[in-house]
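Taking it in order: structure first as structure tokens, then the write-up.
All figures in this text were calculated on a predicted structure; none of them were measured in a lab.
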Amino acid sequence: MICTKDRSLLVVGGTGFIGKWIVKEAIDKGYKVTVLSLKKRNHSGNSGIIFLKADLRIKSEVKKVLKDDYTHVINLGGYVNHSNFKEGGRGVIDTHYVGLLNLLSCLNFKHLHKFIQVGSSDEYGRMNSPQKECGNALPISCYSAAKLSSNQLL
């Protein structure tokens with residue numbers, strides 16, 4: 001069991017809508033919280049958060065800011081964009097998949113207890129809801145393919 005004082009959480013994409021709620025809940029549960037984002041913003045009403053700014057697509061930036069060890073990581077990094085490959089899809093792949101590779105290569109796994117990768121229902125394409133994780137993945141965009149590839153890698 002991890003002592004409360006030893007629980008440190010890195011929330012990648014912690015300035016987004018879902019990330020803000022995860023950060024708030026983690027602080028309430030006694031985690032030392034670090035947020036890694038493209039945007040360096042404050043969470044109103046939440047003190048003690050460490051904010052780091054880096055582009056996940058650039059390994060040297062990620063490596064430069066990730067100096068601490070974390071017991072838990074939640075990866076919400078990236079953005080939704082259904083552009084085809086030539087009209088922005090390559091950037092989506094780089095953000096989600098290459099960003100995950102960069103993140104994994106910069107983390108210290110010796111102290112890491114859990115890594116949570118947040119996927120997307122888009123991995124199942126145009127299947128009717130609710131989708132089931134045991135169903136066939138049918139990605140229909142660079143975004144859904146990058147999310148699926150990230151989950152399959154892990």
Side-chain angles (χ1 to χ4, degrees), residues 1-82 88-124 130-134 137 139 141-154:
M1 178 132 194
I2 302 166
C3 295
T4 303
K5 66 178 180 149
D6 297 333
R7 295 189 312 172
S8 56
L9 172 65
L10 173 65
V11 182
V12 180
T15 58
F17 178 77
I18 297 170
K20 286 181 184 179
W21 291 103
I22 289 173
V23 167
K24 181 186 180 316
E25 186 70 19
I27 287 173
D28 290 347
K29 295 202 180 297
Y31 282 83
K32 175 185 170 193
V33 177
T34 300
V35 170
L36 174 62
S37 179
L38 268 175
K39 302 170 186 163
K40 194 170 183 179
R41 290 194 269 179
N42 290 328
H43 282 239
S44 59
N46 290 328
S47 59
I49 302 168
I50 298 167
F51 286 93
L52 306 174
K53 184 177 178 182
D55 186 334
L56 286 177
R57 299 172 297 176
I58 304 169
K59 184 178 175 181
S60 61
E61 281 190 25
V62 177
K63 189 172 186 160
K64 183 179 177 182
V65 299
L66 289 184
K67 301 285 185 207
D68 293 333
D69 295 328
Y70 304 97
T71 58
H72 298 80
V73 175
I74 300 176
N75 184 15
L76 298 154
Y79 56 96
V80 179
N81 181 329
H82 295 288
R90 171 59 195 258
V92 174
I93 293 168
D94 287 347
T95 298
H96 290 277
Y97 187 73
V98 175
L100 173 65
L101 294 176
N102 291 338
L103 180 61
L104 292 173
S105 67
C106 295
L107 290 171
N108 182 352
F109 283 87
K110 196 185 326 183
H111 299 283
L112 189 63
H113 292 274
K114 289 206 184 210
F115 185 102
I116 297 172
Q117 173 72 19
V118 177
S120 169
S121 62
D122 278 0
E123 295 171 40
Y124 300 97
Q131 296 92 356
K132 295 185 173 130
E133 288 186 21
C134 62
S141 68
C142 291
Y143 169 74
S144 54
K147 294 298 274 185
L148 177 62
S149 297
S150 296
N151 285 326
Q152 288 180 327
L153 172 74
L154 292 167

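Interatomic distance, Leu36 CG to Leu76 CG, rounded to the nearest 0.5 Å: 11.0 Å. The CZ atom of Phe115 sits 6.5 Å away from the CG atom of Leu107 when rounded to the nearest 0.5 Å. Within the model, atoms CD1 of Ile116 and CD1 of Ile74 stand 4.5 Å from one another, a figure rounded to the nearest 0.5 Å. In this structure, Leu9 CG and Lys29 NZ are separated by 12.5 Å, a value rounded to the nearest 0.5 Å. Tyr31 OH to Ile49 CD1: the interatomic distance, rounded to the nearest 0.5 Å, is 15.0 Å. The distance from the NZ atom of Lys67 to the CG atom of Asn108 is 13.0 Å, given to the nearest 0.5 Å.
Among residues at least two apart or in separate chains, salt bridge (charged side-chain N to carboxylate O under 4.0 Å, His left out) pairs with a member in residues 89-116 are Arg90-Asp94. Identified under the side-chain hydrogen bond (donor to acceptor under 3.5 Å, both in side chains) test for residues 145-154, with sequence neighbours left out: Glu123-Asn151.
Counting all heavy atoms, side chain and backbone alike, Leu38 lies closest to Lys53 at O-CE, 2.9 Å. Contact record, Asn102 with Leu56: ND2-O, 2.8 Å, taken as the closest heavy-atom pair. Across Asp69 and Ser8, no two heavy atoms sit closer than the pair O-OG, 3.3 Å. Contact record, Leu100 with Leu153: CD2-CD2, 4.0 Å, taken as the closest heavy-atom pair. Ala26 and Val33 get closest at one heavy-atom pair: CB-CG2, 3.8 Å. In terms of heavy-atom proximity, Gly78 sits nearest to Thr95 at CA-CG2, 3.5 Å.
The 12-atom threshold is not exceeded at CD1 of Ile18, counting heavy atoms of other residues, nucleotides or ligands nearer than 6.0 Å. A 6.0 Å sphere centred on CZ of Phe109 holds more than 12 heavy atoms belonging to other residues, nucleotides or ligands.
By the 4.5 Å heavy-atom criterion applied to side chains, Tyr143 and Asn81 are not counted as neighbours. For the pair Leu103/Leu66, a side-chain contact is recorded, criterion being any heavy-atom separation below 4.5 Å from C-beta on.
Take Glu61 and apply the salt bridge (Lys or Arg N to Asp or Glu O under 4.0 Å) test, not counting sequence neighbours, and it matches no residue.
The side chain to side chain contact (heavy atoms under 4.5 Å, CB included) test with Thr34 singles out one residue from Val12, Val11, Ile50, and that residue is Ile50.
Using cut-offs of 30° and 60° on the angle between ring planes, the pair Tyr79 and His96 is tilted.
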